[in-house]
Undergrad: 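Here's a structure for you.
Here, residue 1 is the first one in the sequence, and each next residue gets the next number. As the structure lists them, so they are numbered: ligands from 1, and atoms in each ligand from 1. Note that this is a predicted model, so its numbers are computed, not measured.
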Amino acid sequence: MQVAQIYTDNDYRNFNYLIACEETGEALAVDPLAADLCLAEAERRGWTITKFVNTHEHLDHTGGNARMREATGATLYAHAGAGASIEGIDVALKAGDSIRVGRTVELEALDTPGHTMSHVCLLAHADQPSLFSGDTLFNAGAGNCHNGGHPKELYQTFRTIIAKLSDDVTVYPGHDYLEHNLGFTLDREPSNVRAQSLLEEVRGRDPHQAVPTSLGLERAINVFLRLDQPEVMARLLDGEAGPATGLDEEAVFLALRDLRNVW
Ligand SMILES: [Zn+2]
């Protein structure tokens, strides 16, 4: 499996992806908003885009669909629940469905509601296991829930799906928010030295040169995956947010999501 991460250089800081089979050169485009950048990258690498997928229905993920279709005639995959909001879906995805790319790549669709209720993440079972996480899991953060989602559903997705993935899974999110999100982790957990050192490393970095994280690293630097940390809980109990008692992991997650909305 080969992956090209394409930074779109727009206000939303979207990442688009091409996932290719190295034997056949066939490629899948993920959320190709910048369709022409994706087409140029495919041409540069000698790949042919035969399929494309939307992780969810937001326009900054689907806005390149018409151009991609026109240029390639590729097959469009998206969540089975997104039929009313994404035009022209060819293959509706349910949990456990797979998308094959060429001979060597197989991506499993994970049903991951929360950011929206019709969101898929794609898990590549490959030499390097990888998660294309859309707007569910970001580097050092979690998707917001105020455009069709629900924070309790997002928590369940983190608890039942993200939590079960192994540390060696590479994380490819839908946006470049790493630097900003590290600031939020450190606001909640000032003593997190891995987050501090990573922030030093990536501050001002050109997103075209972004290096993906692993889930193991996320578990060290992403406060939404650190719900049981005493410092995180203690700061919520300081009174500026969240419940004063009963800090179970769901309550911590929901309080963090609320705080992040206004941070
Ligand atoms: Zn979105």
Undergrad: Would you list the pairs meeting ring-ring contact (aromatic ring centres under 6.0 Å, His included) in which at least one residue belongs to residues 195-223, sequence neighbours left out?
TA: Y7-H208
Undergrad: Could you walk me through whether E249 and R159 satisfy the salt bridge (Lys or Arg N to Asp or Glu O under 4.0 Å) test, starting with their C-alpha distance in whole Å, then the side-chain angles of each, then the deciding distance to 0.1 Å, before giving a yes or no?
TA: CA-CA 9 Å; E249 291 199 352; R159 187 181 72 82; over 6 Å; no
Undergrad: Check whether any side-chain heavy atom of N14 lies under 4.5 Å from a side-chain heavy atom of D31, and answer yes or no.
TA: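 A side-chain contact under 4.5 Å is absent here.
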Undergrad: May I ask you to test the T116-H79 pair for a side-chain heavy-atom distance under 4.5 Å?
TA: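 In short, these two side chains do not touch, never coming nearer than 4.5 Å.
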Undergrad: Taking 2.8 Å as the upper limit, name the protein N, O or S atoms near the Zn ion (ligand 1).
TA: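 You should have found H56 NE2, H58 ND1, H115 NE2, D135 OD2.
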Undergrad: Quick one: are the ring centres of H119 and H58 less than 6.0 Å apart?
TA: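 No - the distance between ring centres of H119 and H58 does not fall below the 6.0 Å cut-off.
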Undergrad: Answer yes or no: does atom CD of Q128 have more than 12 heavy-atom neighbours from other residues, nucleotides or ligands under 6.0 Å?
TA: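 Atom CD in Q128 is packed in, count exceeds 12.
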